[in-house]
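Scroll down for the structure; my scribbles are underneath it.
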Amino acid sequence: GPVLDSGPVLRRPVLILLHGTGCSMHGQRVDQEDAARAGYLAVTTDCRYHGERCKVEEEGQTPRDVYEAALIRAWRDGKERPFLLDNVWDLTHILD
């Protein structure tokens, strides 16, 4: 996801902003800009099946349909990781 940087300071605290269900990282833009102005390295990402990470493949399907289908698949067959763990995995890679 996008990273907004407030300047050349060598060490800054990092603030990771996450969106709610059904939203995307773009909805965090104002808060991200405010945090960057306050001296934070402000980072955001789309959670799985949201925003740019949602792949609508069938005509008439909405992003919400894709998200709900993924939830059902995770519950039924366990082949997908629970979404909370997905977000933790994603965040550890942001921090690396």
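Every value quoted in this text rests on a predicted model; they were computed, and no experiment measured them.
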- Between Val66 and Gln61, does a side chain to side chain contact (heavy atoms under 4.5 Å, CB included) hold up when you go through it step by step? CA-CA 7 Å; Val66 173; Gln61 191 177 39; 3.5 Å; yes
- Note on the structure: Tightest non-hydrogen contact, residues Pro13 and Gly39, listed as CD-O, 4.1 Å
- Query: What heavy-atom pair brings Ala35 and Leu15 nearest, and what distance separates the two atoms?
  - Reply: CB-CD2, 3.5 Å
- Message: Could you check whether any side-chain heavy atom of Leu18 comes within less than 4.5 Å of a side-chain heavy atom of Thr45, counting everything from C-beta outward?
- Response: yes
- Could you give me the CA-CA distance, side-chain angles and deciding distance for Glu52 and His26, then say whether side chain to side chain contact (heavy atoms under 4.5 Å, CB included) is met? CA-CA 10 Å; Glu52 294 174 17; His26 300 294; 3.0 Å; yes
- Main-chain N/O of Ser24 paired with Asp46 side-chain donor or acceptor, under 3.5 Å: no
- Query: side chain to side chain contact (heavy atoms under 4.5 Å, CB included) between Thr21 and Cys23: does it pass, once the steps are laid out?
  - Reply: CA-CA 6 Å; Thr21 299; Cys23 301; over 6 Å; no
- Interatomic distance, Asp77 atom CG to Ile72 atom CD1 [nearest 0.5 angstrom]: 11.5 Å
- Does Ala69 have any side-chain contact (heavy atoms from CB on, under 4.5 Å) partners at least two apart in sequence or in another chain, and if so, which? Arg73
- Please identify each residue that fulfils ring-ring contact (aromatic ring centres under 6.0 Å, His included) with His19, with sequence neighbours left out. His50
- Can you check side chain to side chain contact (heavy atoms under 4.5 Å, CB included) on Val43 and Leu17, steps first, answer last? CA-CA 6 Å; Val43 180; Leu17 300 161; over 6 Å; no
- Distance from Gln28 atom CD to Glu33 atom CD, nearest 0.5 Å? 12.0 Å
- Message: Any heavy-atom pair between the side chains of Arg64 and Tyr49 that's under 4.5 Å?
- Response: no
- Query: Closest heavy-atom contact between Ala36 and Ala42?
  - Reply: N-CB, 4.3 Å
- Sequence neighbours excluded, the answer for salt bridge (Lys or Arg N to Asp or Glu O under 4.0 Å) partners of Asp31 is none
- Note on the structure: Of all heavy-atom pairs linking Tyr67 and Arg48, the shortest is CD1-O, 4.4 Å
